[in-house]
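Below: one structure, written as structure tokens.
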Amino acid sequence: MNVEKILAISGKPGLYELKVQTRSGFVAESMLDGKRITVGMRSNVSLLSEISMYTHSEEKPLVEIMRAIAVKENEGPAISHKEDTAKLLEYFKQIVPDYDEDRVYPSDIKKVLNWYNMLQAKGMVSKEEPIVDNADSVKEQVVEEVKAKKKTAKKE
């Protein structure tokens with residue numbers, strides 16, 4: 001699932017795909033109706049790849065939550081975001097059993113399910129593990145950093 005160029009724009013319904021960057025902002029295309037809009041730098045914009053949800057142990061990236069929904073639904077559509085709140089909470093508890101009920105509101109769950117169904121309709125969801133292009137070099141870099149930290153810890 002590649003959501004690197006998918007945006008949520010505050011005050012605008014649905015999701016948008018980043019098309020072109022301009023001097024004063026960027027042009028985005030609505031995933032609902034295909035209309036293009038110009039978005040200024042002052043707008044509150046979030047990349048889906050940067051959004052996380054609270055759990056009791058950590059913050060879980062939205063991409064992982066959507067992948068969990070895709071696995072549960074076999075890449076099919078999830079329940080509608082317009083369902084009864086109790087039903088939505090029960091469904092989401094199956095997806096993310098340890099989500100923080102105090103900090104994740106029903107409106108957040110509705111938004112996630114709405115976004116998932118929107119991406120699923122466009123064929124953009126996947127239950128496959130994300131593949132990192134340069135995984136080997138990242139692993140080597142992490143190993144080197146850990147070794148360096150151990151050396152400095154021994155010196156102190």
Side-chain angles (χ1 to χ4, degrees), residues 1-18 21 25-26 28-32 39-150 152-153:
M1 178 180 326
N2 187 6
V3 292
E4 294 298 317
K5 291 189 173 187
I6 306 299
L7 311 167
I9 303 171
S10 182
K12 304 243 184 248
L15 296 174
Y16 293 81
E17 186 173 1
L18 176 65
Q21 207 159 358
F26 54 89
E29 184 178 291
S30 171
M31 295 184 82
L32 288 174
V39 182
M41 290 297 209
R42 293 185 180 207
S43 297
N44 190 4
V45 178
S46 301
L47 286 165
L48 286 197
S49 59
E50 300 295 319
I51 297 174
S52 297
M53 292 190 92
Y54 295 109
T55 65
H56 292 291
S57 58
E58 63 183 351
E59 289 186 25
K60 191 167 192 155
L62 185 63
V63 176
E64 286 182 27
I65 294 169
M66 289 198 176
R67 195 174 76 71
I69 296 171
V71 168
K72 179 179 177 7
E73 300 298 339
N74 198 20
E75 295 185 11
I79 65 171
S80 172
H81 65 284
K82 295 180 181 179
E83 290 285 345
D84 179 46
T85 302
K87 193 172 183 179
L88 290 173
L89 293 174
E90 180 183 324
Y91 179 83
F92 199 72
K93 192 77 166 166
Q94 294 171 9
I95 304 299
V96 186
D98 66 334
Y99 82 94
D100 189 342
E101 296 90 353
D102 295 331
R103 297 194 286 177
V104 177
Y105 301 109
S107 60
D108 299 328
I109 294 171
K110 288 179 181 186
K111 197 176 290 188
V112 168
L113 293 172
N114 186 23
W115 289 349
Y116 171 85
N117 285 330
M118 212 177 293
L119 293 171
Q120 189 274 334
K122 297 283 185 182
M124 296 179 73
V125 297
S126 172
K127 57 185 178 180
E128 302 298 318
E129 285 283 343
I131 299 170
V132 179
D133 293 337
N134 56 348
D136 291 332
S137 63
V138 170
K139 181 181 174 184
E140 289 172 16
Q141 182 180 353
V142 169
V143 169
E144 292 300 320
E145 288 175 10
V146 170
K147 286 180 182 177
K149 285 181 182 177
K150 284 182 180 178
T152 56

* Nearest heavy atoms of Trp115 and Met66, plus distance in Å -> CB-CE, 3.6 Å
* Structure fact -> With sequence neighbours left out, the residues meeting ring pair (Phe, Tyr, Trp, His ring centres under 6.0 Å) with Phe92 are Tyr99
* To do: Tell me, please, which residues at least two apart from Ser30 pass side-chain hydrogen bond (donor to acceptor under 3.5 Å, both in side chains).
  => Asp33
For residues 103-112, which side-chain donor-acceptor pairs fall under 3.5 Å, sequence neighbours excluded?
residue	atom	partner	partner atom	Å
Arg103	NE	Asp100	OD2	3.1
Asp108	OD2	Tyr105	N	3.0

* Structure fact -> Taken in chain and number order and not counting sequence neighbours, the residues that satisfy salt bridge (charged side-chain N to carboxylate O under 4.0 Å, His left out) with Glu73 are none
* **Any Lys122 side-chain heavy atom under 4.5 Å of Leu119 side chain** => no
* With Lys72 via salt bridge (charged side-chain N to carboxylate O under 4.0 Å, His left out) - residues at least two apart -> none
* Structure fact -> Note: Pro61 and Ser52 closest approach over all heavy atoms is CA-OG, 3.7 Å
* Structure fact -> Contacts of Ile79 meeting side-chain contact (heavy atoms from CB on, under 4.5 Å) (sequence neighbours excluded), chain-then-number -> Glu83, Leu88, Tyr91, Leu113
* Would you please name every residue forming a side-chain contact (heavy atoms from CB on, under 4.5 Å) with Asn44, sequence neighbours left out? => Ser10
* Asked: Glu101: what forms a side-chain hydrogen bond (donor to acceptor under 3.5 Å, both in side chains) with it, not counting sequence neighbours?
  -> His56, Lys93
* Structure fact -> Hits for side-chain contact (heavy atoms from CB on, under 4.5 Å) against Lys12, two or more places apart or cross-chain, chain-then-number order -> Ile9, Tyr16, Ile37
* Are any of the side-chain heavy atoms of Ile6 and Met124 separated by less than 4.5 Å? -> yes
* Identify, with sequence neighbours excluded, every residue that meets side-chain hydrogen bond (donor to acceptor under 3.5 Å, both in side chains) alongside Glu17. => none
* Asked: With sequence neighbours left out, what residues match Glu50 under side-chain contact (heavy atoms from CB on, under 4.5 Å)?
  -> Leu47
